[in-house]
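Take a look at the structure set out below.
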Amino acid sequence: MNLFADIKTLVLDSLQTLQAAGSLPSDLDFSNVTVEPPRDAMHGDMATNAAMVLAKQARMKPRDIAQALAELLVADARITAVDVAGPGFLNLRLDPAQWLAILPEVLRAGTDFGRSPMGSGKSVNVEFVSANPTGPLHVGHTRGAVFGDALASLLDFAGYAVTREYVINDGGSQIDTLARSVYLRYLEAHGQEVSFPEGVYPGDYLIPVGKALKDKVGDKYIDQPEDVWMDDLRNFGTDAMMALIRADLALLGVKMDRFFSEKSLYGTGKIEACLQALNDKGLIYEGYTDPPKGKMPDDWKPRKQTLFKSTEFGDDQDRPVQKSDGSWTYFAPDIAYHHDKVLRGYDELINVFGADHGGYVKRLKAIVAALSGNTVPLDIKLTQLVRLFKNGQPFKMSKRAGTFVTLKDVIDLVGPDVTRFVMLTRKNDAPLDFDFDKVLDQSKDNPVFYVQYAYARISSVMRKAIEAGVDVSDAVLLDADLANLGHDAELALAKKLGEWPRMLELAAKHHEPHRIAFYLFDLASEYHSLHNLGKTSPDQRFWQADNVAASHAKIALIRSVAVVLSAGLGILGVTPMDKM
RNA sequence: GCACCCGUAGCUCAGCUGGAUAGAGCGCUGCCCUCCGAAGGCAGAGGUCUCGCGUUCGAAUCGCGACGGGUGCACCA
């Protein structure tokens, strides 16, 4: 149930009634009509802009439309008052019972309350993390992982069929580098002195991989040239790194539905077929790219390449798919990969990248547009940098200085719940400050704590009631006489609960899970406010020893709050806590 | 140089499909526990929404142009 949607339906029906009666022209576009919470609660419970949106089309004064519409709306039993305000807003006041009627809805549906049919089962592929399999995940990947996972959960909640996917870049030259690095660690495991030149990965995490290789192949590869061991070590290294990355993701609670190997595209003819398809559309040609503007590389010279005409789809430059020596660029398998996703039949694609891949957005959109004939929308969400702090001091990451912060470091220090929530307290395209001390702070300065605290407080109140021998099961609360509620703070809380389905659809529509974190903070705030009212007004306490009926009603309210908090935290992947 | 992202209170940031007197937290000032978790709440002060022009009944929001910050820019992925 979504009260905002219900009332919007009423507004639209009323407008049609006016049309039928000849009070409004018949050819009006209602698509911009909204019903939303007013900015100021003093204005009422809901506001609609219908009169202003339609005034021009109908060639009528907004206030005249508003007046006519108001007369119809006020006749509805749910609405107690309609005011025409300002330039033509209609401010609606609802019978408080309408808001309170949300409580049994919440209790009945549980954490499924607010699930939306908006996705109508459409399939969405969310590709995220997709870190190169050359080392463990670091903080930057962590943000992408949390964001992508929460977005996927959000879309699932909004009625989409979601696939979480990780593409393994196991085909590029960075895998050769990995193989050489593993080889050095392998020699080291055999007791040889090794040095790590520029261009190999010096990380300690490869030491056990070298040992494992030694255990597996013994001294078979010692003193052997690269071409003897390269293929084997590429696979061995990639497998080891993916095991590491899967373990990192598991620490965060992220479960991928599918890992897609880029290498699996090679040798199958898929890349060739895909490029042929583009060629058939006249989008492939042999040519030269312009020299880069700004900093000119020392060794730049024009080279003939095979190019994809991405400028036809809004890119700044056509992009090379094949190098001058005939081998593929990194872009070619990516084209085939996205072709594969299109062929799998997803209705929508979403990619989550770090902000440093921003330059990649246009060409990928170009590819998907070209390959799907503009039928499959691709949204690319960029996650901005995470700035680490310790005690308010910036914490610089440096591979050389050994201050490289991995996902595991973060989880070990603050845990997955805190990590996930904090990562979602900023919009994805805004930089995020992550202070190891502040995120663990047990005070209202810390939004994670603040939301958890509200949940724990509700649990505490309910324990209190249970200790007193009162049944506060949902079945009993469902029958509570809600006429016992009516205080402004109680109604405010119920209204906030009523906003949940609407907020959720907006968050899903915009692909912005951070909105859920902000909503939960607001909901927790309303709860704390009401809870504290009980400090000075004993009759506002939830647990009324001498009035079981009132207690049931009040606890039905806060139990509903707990359910929505739980649902919201669930989407973010955070576990609510009964006690702290 | 070009592209993308960002610019909102002293600080960190929300702000919905363009909507009414622009919000929250921190910090600052003053209040509130014999009693459900004060790990909290209430109230106050604090704004040229970077600037200009335009579209509109109406602009923080849309368009154009400045300015400032970040990121990225040919056979590396």
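Here is the naming used below: chain letters follow the sequence lines, and residue numbers restart at 1 for every chain.
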Q. Base, sugar-phosphate, or nothing for A/S443, non-hydrogen atoms under 4.0 angstrom?
A. sugar-phosphate
Q) Rounded to the nearest 0.5 Å, how far apart are CG of A/L565 and OH of A/Y519? A) 8.0 Å
Q) Listed by chain and number, what are the side chain to side chain donor-acceptor pair (under 3.5 Å) partners of A/D522, not counting sequence neighbours? A) none
(Q) Under 4.0 Å, heavy atoms only, any strand: does A/E467 hit a base, just the sugar-phosphate, or nothing? (A) nothing
Q: Calculate the interatomic distance between A/Q57 atom CD and B/U56 atom P; express it in whole Å.
A: 16 Å
List the atom pairs, with distances to 0.1 Å, where a side-chain N or O of residues 351-361 of chain A and a protein N or O form a donor-acceptor pair under 3.5 Å, not counting sequence neighbours.
{"residue": "A/N351", "atom": "OD1", "partner": "A/K341", "partner atom": "NZ", "Å": "3.3"}
{"residue": "A/N351", "atom": "ND2", "partner": "A/H338", "partner atom": "NE2", "Å": "3.0"}
{"residue": "A/Y360", "atom": "OH", "partner": "A/D334", "partner atom": "OD2", "Å": "2.7"}

Q.
Using whole Å, what does the distance between atom P of nucleotide B/C76 and atom CG of A/L178 come to?
A. 18 Å
Q. Do you know which two heavy atoms are closest between A/G534 and A/R541, and how far apart they sit?
A. O-NE, 2.7 Å
(Q) I'd like the P distance from B/U12 over to B/C5, given in whole Å. (A) 22 Å
(Q) Other residues, nucleotides and ligands only: do more than 12 of their heavy atoms fall within 6.0 Å of NZ on A/K309? (A) yes
What are the atom names and distances for every N/O pair under 3.5 Å that joins the protein to nucleotides 31-34 of chain B?
none

(Q) Take N1-N3 plus N6-O4 or O6-N4 for Watson-Crick, N1-O2 plus O6-N3 for G-U, both under 3.5 Å. Which runs of 3 or more such pairs involve RNA chain B? (A) B:1-7 with B:67-73, B:10-13 with B:23-26, B:28-32 with B:40-44, B:50-54 with B:62-66
Q: Validate the cation-pi geometry between A/R319 and A/F308: distance from NZ or CZ to the six-membered ring centre under 6.0 Å, angle to the ring axis within 45°.
A: no
Q. Excluding sequence neighbours, so at least two apart, what forms ring pair (Phe, Tyr, Trp, His ring centres under 6.0 Å) with A/F259?
A. A/Y166
Q. Could you state the CZ-P distance from A/F308 to B/A74, rounded to the nearest angstrom?
A. 18 Å
Q: Nearest whole angstrom, please: distance from the P of B/C36 to the CG of A/D539.
A: 15 Å
Q) Where does B/C33 land, syn or anti, given syn is within 90° of 0? A) syn
Q: Kindly give the heavy-atom pair with the smallest separation between A/V200 and A/S181, and that separation in Å.
A: CB-OG, 3.5 Å
Show the distances under 3.5 angstrom between N or O atoms of the protein and N or O atoms of nucleotides 42-46 of chain B.
{"residue": "B/C42", "atom": "OP1", "partner": "A/S529", "partner atom": "OG", "Å": "3.2"}

Q: Rounded to the nearest angstrom, tell me the gap between atom CZ in A/F542 and atom C1' in B/C36.
A: 8 Å
**Q.** Protein-nucleotide distance (A/E262, atom CD; B/A77, atom C1'), rounded to Å
**A.** 8 Å
Under 3.5 Å between N/O atoms: give me all the protein pairs with nucleotides 67-71 of chain B, atom names plus distance.
{"residue": "B/U71", "atom": "O2'", "partner": "A/A355", "partner atom": "O", "Å": "3.1"}

Q: Just call it for A/Y288: base, sugar-phosphate, or nothing, with non-hydrogen atoms closer than 4.0 Å on any strand.
A: nothing
Q.
Quick check on RNA chain B: between A/Q442 and A/D316, whose nearest nucleotide comes earlier from the 5' end?
A. A/D316
(Q) Base, sugar-phosphate or nothing for A/Y360? Non-hydrogen atoms, less than 4.0 Å. (A) nothing
Q) If you measure from the P atom in B/U50 to the same atom in B/G68, how many Å do you get, rounded? A) 16 Å
Q: Quick one: list whatever passes side chain to side chain donor-acceptor pair (under 3.5 Å) with A/E505, sequence neighbours left out.
A: A/S116
Q. Quick one: what's the B/S/- string for nucleotides 12-22 of chain B, heavy-atom cutoff under 4.0 Å, read 5' to 3'?
A. SSSSBB-BB-S
Q) Tell me, which pairs form a salt bridge (charged side-chain N to carboxylate O under 4.0 Å, His left out) where one or both residues lie in residues 380-395 of chain A, sequence neighbours left out? A) A/R387-A/D433
Q: Using the side chain to side chain donor-acceptor pair (under 3.5 Å) rule, pick out the option among A/K509, A/R515, A/H510 that qualifies with A/E512.
A: A/R515
(Q) Give me the atom names and distance for the closest heavy-atom approach of A/F147 to A/N428. (A) CE1-CB, 3.5 Å
Distance-only check: which donor-acceptor pairs under 3.5 Å involve side-chain atoms of residues 53-69 of chain A, not counting sequence neighbours?
{"residue": "A/Q57", "atom": "OE1", "partner": "A/D29", "partner atom": "N", "Å": "2.7"}
{"residue": "A/Q57", "atom": "NE2", "partner": "A/D29", "partner atom": "O", "Å": "3.1"}
{"residue": "A/R63", "atom": "NH1", "partner": "A/G86", "partner atom": "O", "Å": "2.8"}

Q | A/Y337 vs B/A77: side-chain N/O to OP1/OP2 distance below 4.0 Å | A | no
Q | A/Y330 over B/C76, stacked by centroid distance under 5.5 Å, angle under 30° | A | no
(Q) Which is more 5' along RNA chain B, the nucleotide nearest A/S324 or the one nearest A/D578? Just name the residue. (A) A/D578
Q. With a 4.0 Å cut-off on heavy atoms, is A/M580 in touch with a base, just the backbone sugar-phosphate, or nothing at all?
A. base
Q. What does A/K56 touch in the nucleic acid at a heavy-atom separation under 4.0 angstrom: a base, only the sugar-phosphate, or nothing?
A. sugar-phosphate
Q. For A/Y453, what residues pass the ring pair (Phe, Tyr, Trp, His ring centres under 6.0 Å) criterion, not counting sequence neighbours?
A. A/F449, A/H528
Q: Could you give the distance separating B/G18 and B/C49 at their C1' atoms, to the nearest angstrom?
A: 15 Å
Q: In whole angstrom, give the distance that lies between atom CG of A/D334 and atom C1' of B/C76.
A: 13 Å
